[in-house]
A.B. asks: 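Can you keep this structure in mind? I'll have questions shortly.
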Amino acid sequence: MSPHTEVGIVLLGICALLVTTVFVESRRREKTGGLGQVPPPDPAHARRIAALRDEDYDLVLRGGARVNGLSVTWPFADLLVSRNQIELRVRTLVPIRITRTEVTGVRRVRGLFSRGFKFRTESGRLDKVSFWPVGKAAEQLAELGWH
């Protein structure tokens with residue numbers, strides 16, 4: 001076999017590996033909603049989402065967030081909280097609205113230098129979403145009934 005043939009076989013193998021990787025990654029993102037996206041809520045929960053103005057929320061927290069592989073640092077994420085719903089606004093992304101009925105619990109998570117939290121749901125829709133507030137936000141959330 002000539003050296004050119006061996007190089008051609010190696011290049012063909014690399015191309016096949018790249019095509020396979022792109023296909024597998026696109027299928028994974030399709031299931032999770034895409035980079036920085038989350039799947040829509042179940043129709044039963046979606047009907048309960050209200051279009052609230054900023055002043056209708058009881059609490060506004062600023063911090064960082066991680067949404068399905070996309071990370072933003074402070075001050076590019078805002079969490080707007082009312083007693084019945086939460087809206088996570090991450091710059092350049094569509095707001096993520098979460099109803100109280102969808103959330104089964106709030107789980108605190110620990111990072112290297114800070115603490116954040118995740119919202120647990122039965123559907124797992126928010127499994128790849130975390131918010132990292134500045135300050136102690138867990139007590140403020142608990143006061144509004146988000147445990």
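None of the values given here were measured: they were computed from a predicted structure.
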A.B. asks: Checking side-chain polar atoms at under 3.5 Å, does S130 have a donor or acceptor matched by the opposite partner on R66?
C.D. replies: no
A.B. asks: In Å and rounded to the nearest 0.5 Å, what is the CG to CG distance from L70 to L93?
C.D. replies: 5.5 Å
A.B. asks: Is it true that, when you exclude E139 itself, more than 12 heavy atoms of the residues, nucleotides or ligands shown sit nearer than 6.0 Å to its CD?
C.D. replies: yes
A.B. asks: Would you say D54 and L80 make side-chain contact, with heavy atoms under 4.5 Å?
C.D. replies: yes
A.B. asks: Does V67 reach the side chain of L88, with side-chain heavy atoms less than 4.5 Å apart?
C.D. replies: yes
A.B. asks: Less than 4.5 Å apart, any side-chain heavy atom of V90 and any of I96?
C.D. replies: no
A.B. asks: Between R62 and F131, which heavy-atom pair has the shortest distance, and what is it?
C.D. replies: C-CZ, 3.9 Å
A.B. asks: Which atom pair, heavy atoms only, marks the closest approach of S82 to Y57?
C.D. replies: N-CD2, 3.7 Å
A.B. asks: How close do W132 and V109 get, heavy atom to heavy atom, and via which atoms?
C.D. replies: CH2-CG2, 3.5 Å
A.B. asks: Could you work out, with side-chain contact (heavy atoms from CB on, under 4.5 Å) as the rule, every residue matching L144, not counting sequence neighbours?
C.D. replies: D58, L59, V81, R83, W146
A.B. asks: Could you tell me if the side chain of I86 sits less than 4.5 Å from the side chain of R97, heavy atoms only?
C.D. replies: no
A.B. asks: Quick one: does V7's side chain get under 4.5 Å of I9's, heavy atoms only?
C.D. replies: no
A.B. asks: Heavy atoms only: give me the nearest F117-A137 pair and the separation to one decimal.
C.D. replies: CE2-CB, 4.1 Å
A.B. asks: Has the side chain of Q85 got a donor or acceptor atom that lies under 3.5 Å from a matching backbone atom of R100?
C.D. replies: no
A.B. asks: With a 4.5 Å limit on heavy-atom distance, are the side chains of E87 and I98 in contact?
C.D. replies: no
A.B. asks: Among residues two or more places apart or on two chains, list those pairs meeting salt bridge (Lys or Arg N to Asp or Glu O under 4.0 Å) that have a residue in residues 35-48.
C.D. replies: none
A.B. asks: Among the clusters formed by ILVMFWY side chains lying less than 4.5 Å apart, do L61 and V72 turn up in the same one?
C.D. replies: yes
A.B. asks: Provide the closest heavy-atom pair for F119 versus L79 in the form atom of the first, atom of the second, distance.
C.D. replies: CZ-CD2, 4.3 Å
A.B. asks: Closer than 3.5 angstrom, by distance alone: can the side chain of N68 be matched with the main-chain N or O of Q37 as a donor-acceptor pair?
C.D. replies: yes
A.B. asks: With rounding to the nearest 0.5 Å, note down the distance linking CD1 in I49 to CG in N84.
C.D. replies: 12.0 Å
A.B. asks: Does E102 reach the side chain of E122, with side-chain heavy atoms less than 4.5 Å apart?
C.D. replies: no
A.B. asks: Please find the pair of heavy atoms, one from R125 and one from P40, that lie closest to each other, and give the distance.
C.D. replies: CD-O, 3.6 Å
A.B. asks: If you measure from the Lys or Arg side-chain nitrogens to the Asp or Glu carboxylate oxygens, is any gap between R120 and D127 under 4.0 Å?
C.D. replies: no
A.B. asks: Go through the steps to decide whether V38 and K128 satisfy the test side chain to side chain contact (heavy atoms under 4.5 Å, CB included), and finish with yes or no.
C.D. replies: CA-CA 8 Å; V38 295; K128 299 209 180 269; over 6 Å; no
A.B. asks: Sequence neighbours excluded, which residues qualify as salt bridge (Lys or Arg N to Asp or Glu O under 4.0 Å) partners of D56?
C.D. replies: R53
A.B. asks: Is it true that a side-chain atom of K118 and a backbone atom of V129 form a donor plus acceptor pair closer than 3.5 Å?
C.D. replies: no
A.B. asks: Can you tell me if R107 has over 12 outside heavy atoms packed within less than 6.0 Å of its CZ?
C.D. replies: no
